[in-house]
K.L.:
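Have a look at this one.
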Amino acid sequence: MRIIPMCFSSILQVPRCRFHTLANFWPESFHSLPNKCGSNSTFRLHSAKLDGLEGGYSRRWIRRPVSTKTEGTNKITQNKNKLTSASHGVLEETVSTSTLNITKTENIEYRNIPYFDIRREILENNDLAKLVTVIVFDLETTGFSRTEDRIVEIALRDLHGGENSTFQTLVNPGRSVPNTIVHGISKCMVENPNVPRMKEVAPILLQYVKSRHKPGGYALLVAHNGRAFDVPFLITELNRCGVELPSNWLFLDSLPLARKWIKTKGVKSRTSLQGLREHLGIKLEGPAHRAMSDVRVLIIIFQKMTFDLKATVASLVADSFTASEKKNEMKESDVKKKKKN
DNA sequence: GGCCCTCTTTAGGGCCTT
């Protein structure tokens with residue numbers, strides 16, 4: 001029986017609060033962003049500000065704990081130090097981490113929810129927007145090709161923060177890592193026996209997202225250039241593992257949002273994550289091009305843009321796409337490619 | 001590969017993701 005380490009970090013000790021009105025939510029953290037940027041405390045200020053609200057909101061639902069199978073408390077405790085180091089220096093977290101142990105044979109059942117137009121449902125019913133949980137994510141891979149390359153690191157963070165709000169893990173791609181120079185993730189790091197393969201990560205990833213959204217709710221997963229890169233990569237990797245993405249997952253690409261923000265606000269910035277980060281003076285809290293480091297940056301940028309654009313959850317949902325739609329796009333693209341060849 | 005922009009649309013260069 002193999003124990004797989006994951007890192008579920010709790011960085012933003014933020015209570016879940018009403019989130020469907022983004023425009024009303026962001027000012028709490030971003031109206032003075034330019035003055036705060038440049039300090040390494042932007043995120044913590046955000047956290048601290050919201051911490052002050054603790055208790056101010058009553059929880060409307062109970063977050064389901066991530067389902068795990070363990071080998072007993074002692075073993076978990078024994079593994080804790082090992083697992084903390086197994087985060088491979090991803091970030092210099094100062095928060096407590098919990099461990100997730102899962103056996104290879106664990107059988108987590110995912111209902112295959114029939115597809116329907118979730119966006120229309122949410123847009124037509126404002127109450128459903130309250131059921132949307134926004135999660136920012138980023139992938140590090142061995143290259144740009146979803147067919148030839150593999151994921152080496154995954155990081156997600158629920159925008160609300162709170163306990164177990166983050167998920168991050170290295171992934172053993174089972175092949176060489178030719179672009180270590182880009183993200184600093186080496187073959188040696190991912191070949192560590194504690195680093196899981198994608199087929200082992202997949203059910204835990206699904207379970208993590210499920211644990212973050214409300215019962216009967218939806219997850220809106222945000223990534224920069226996600227439509228062209230992260231989402232097709234994720235779909236392809238999960239499909240290799242025989243896993244279909246749940247139909248209550250929606251995806252949002254923050255790149256078009258950045259273009260819109262730059263255009264409408266007359267911002268002089270490139271649309272890349274680095275360009276936006278530099279423009280806003282956001283200090284890195286870890287190496288660039290590591291998944292969680294980029295997630296942190298994107299969260300700040302995303303909040304700034306949605307605040308400036310007065311975006312609501314409903315408007316973000318309107319711009320989102322489903323895995324099913326992306327899969328169709330990918331199929332069409334593959335057909336075109338074959339015709340070309 | 002997909003999207004956007006323009007010195008465009010019967011095209012092509014540049015940007016974005018690792």
Side-chain angles (χ1 to χ4, degrees), chain A residues 88 90 136-156 168-187 189-190 195 198 201 221-240 251-280 282 284 286-299 301-302 305 309 319-323 325-341:
Chain A
H88 308 283
V90 175
V136 174
F137 79 103
D138 186 55
L139 306 178
E140 301 303 324
T141 68
T142 59
F144 290 121
S145 169
R146 63 180 162 84
T147 53
E148 302 298 324
D149 292 303
R150 297 291 185 272
I151 293 171
V152 291
E153 189 175 40
I154 301 175
L156 301 90
Q168 64 178 34
T169 183
L170 286 175
V171 182
N172 184 345
R175 58 178 60 197
S176 62
V177 184
N179 56 346
T180 298
I181 195 166
V182 174
H183 42 53
I185 300 168
S186 64
K187 190 168 187 256
M189 287 165 71
V190 293
V195 175
M198 195 62 204
V201 173
L221 291 112
V222 183
H224 203 60
N225 201 24
R227 183 153 207 149
F229 183 75
D230 299 82
V231 178
F233 230 109
L234 189 63
I235 290 172
T236 306
E237 283 272 34
L238 291 178
N239 284 356
R240 276 194 205 102
F251 294 97
L252 180 73
D253 188 347
S254 56
L255 181 57
L257 195 71
R259 290 191 186 113
K260 185 180 178 184
W261 180 63
I262 286 169
K263 197 174 176 180
T264 59
K265 294 293 171 183
V267 176
K268 290 180 179 173
S269 168
R270 288 180 292 131
T271 54
S272 65
L273 202 61
Q274 185 184 347
L276 294 164
R277 178 178 61 77
E278 288 171 356
H279 173 77
L280 291 172
I282 300 165
L284 276 174
H289 284 302
R290 287 302 295 269
M292 188 53 82
S293 185
D294 284 355
V295 163
R296 279 191 175 127
V297 169
L298 181 54
I299 283 177
I301 292 167
F302 181 69
M305 293 191 303
L309 293 170
D319 291 335
S320 70
F321 57 96
T322 64
E325 288 167 337
K326 188 64 215 179
K327 279 181 83 172
N328 287 336
E329 286 179 15
M330 288 156 63
K331 277 179 193 169
E332 287 170 12
S333 168
D334 290 344
V335 169
K336 280 181 189 173
K337 210 189 303 177
K338 277 182 185 174
K339 279 183 182 175
K340 267 188 179 178
N341 296 332

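Worth saying up front: this structure is predicted, and the values here are computed from it rather than measured. Lettering follows sequence order; numbering is per chain, from 1.
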K.L.:
Using the P atom in both, what is the distance from B:dG12 to B:dT17, to the nearest Å?
P.N.:
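The same atom, P, in both gives a distance of 26 Å.
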K.L.:
Quickly work out the A:Ile262 CD1 to B:dC5 C1' distance and round it to whole Å.
P.N.:
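To the nearest whole Å, that distance equals 14 Å.
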K.L.:
Taking atom P in both B:dG14 and B:dC7, compute the distance separating them and give it to the nearest angstrom.
P.N.:
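Their P atoms lie roughly 14 Å apart.
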K.L.:
May I have the distance from A:Asp253 (atom CG) to B:dC4 (atom P), rounded to whole angstrom?
P.N.:
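Result: 10 Å.
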K.L.:
Can you pull the salt bridge (charged side-chain N to carboxylate O under 4.0 Å, His left out) pairs that have at least one residue in residues 255-278 of chain A, sequence neighbours excluded?
P.N.:
A:Arg270-A:Glu278
K.L.:
Rounding to an integer number of angstrom, what distance separates B:dC3 and B:dT8 when you compare their C1' atoms?
P.N.:
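Straight-line distance between the two C1' atoms is 15 Å.
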K.L.:
Report the distance from atom CZ of A:Phe233 to atom C1' of B:dG2, rounded to the nearest whole Å.
P.N.:
15 Å
K.L.:
With A:Glu140, which residues qualify under side chain to side chain donor-acceptor pair (under 3.5 Å), at least two apart?
P.N.:
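For A:Glu140, no residue satisfies side chain to side chain donor-acceptor pair (under 3.5 Å) once neighbours in sequence are set aside.
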K.L.:
Only counting residues at least two apart or in another chain, list the ones meeting side chain to side chain donor-acceptor pair (under 3.5 Å) with A:Thr141.
P.N.:
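Residues passing side chain to side chain donor-acceptor pair (under 3.5 Å) with A:Thr141: none at all.
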K.L.:
Enumerate the side chain to side chain donor-acceptor pair (under 3.5 Å) contacts for residues 170-186 of chain A, please, sequence neighbours excluded, ordered by first and then second residue.
P.N.:
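Found A:Asn179-A:His183.
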K.L.:
Hey, what are the protein-to-nucleotides 16-18 of chain B N/O distances that come in under 3.5 Å?
P.N.:
residue, atom, partner, partner atom, Å
B:dC16, OP1, A:Thr271, N, 2.7
B:dC16, OP1, A:Thr271, OG1, 3.0
B:dC16, OP1, A:Ser272, N, 2.8
B:dC16, O2, A:Asn225, ND2, 3.1
B:dT17, OP1, A:Leu273, N, 2.6
B:dT17, O4', A:Asn225, ND2, 2.8
B:dT18, OP1, A:Asp138, OD1, 3.3
B:dT18, OP2, A:His289, ND1, 3.2
B:dT18, O3', A:Glu140, OE1, 2.6
B:dT18, O3', A:Thr141, N, 2.7
B:dT18, O2, A:Asn179, ND2, 3.3

K.L.:
Roughly, in whole Å, what's the span from CZ in A:Phe321 to C1' in B:dG2?
P.N.:
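So the two atoms are 11 Å apart, to the nearest Å.
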K.L.:
Keeping to residues at least two apart or across chains, list the salt bridge (charged side-chain N to carboxylate O under 4.0 Å, His left out) pairs with something in residues 176-186 of chain A.
P.N.:
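Output for this query is empty, none listed.
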K.L.:
Looking at every non-hydrogen atom in both residues, tell me the closest pair between A:Gly275 and A:Ser269 and how far apart they are.
P.N.:
O-OG, 3.4 Å
K.L.:
Could you state the atom-to-atom distance from CD of A:Glu278 to C1' of B:dC15 in whole Å?
P.N.:
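About 15 Å, once rounded to whole Å.
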K.L.:
Can you tell me how far P of B:dC3 sits from NZ of A:Lys260, to the nearest Å?
P.N.:
17 Å
K.L.:
Taking atom P in both B:dT6 and B:dT18, compute the distance separating them and give it to the nearest angstrom.
P.N.:
26 Å
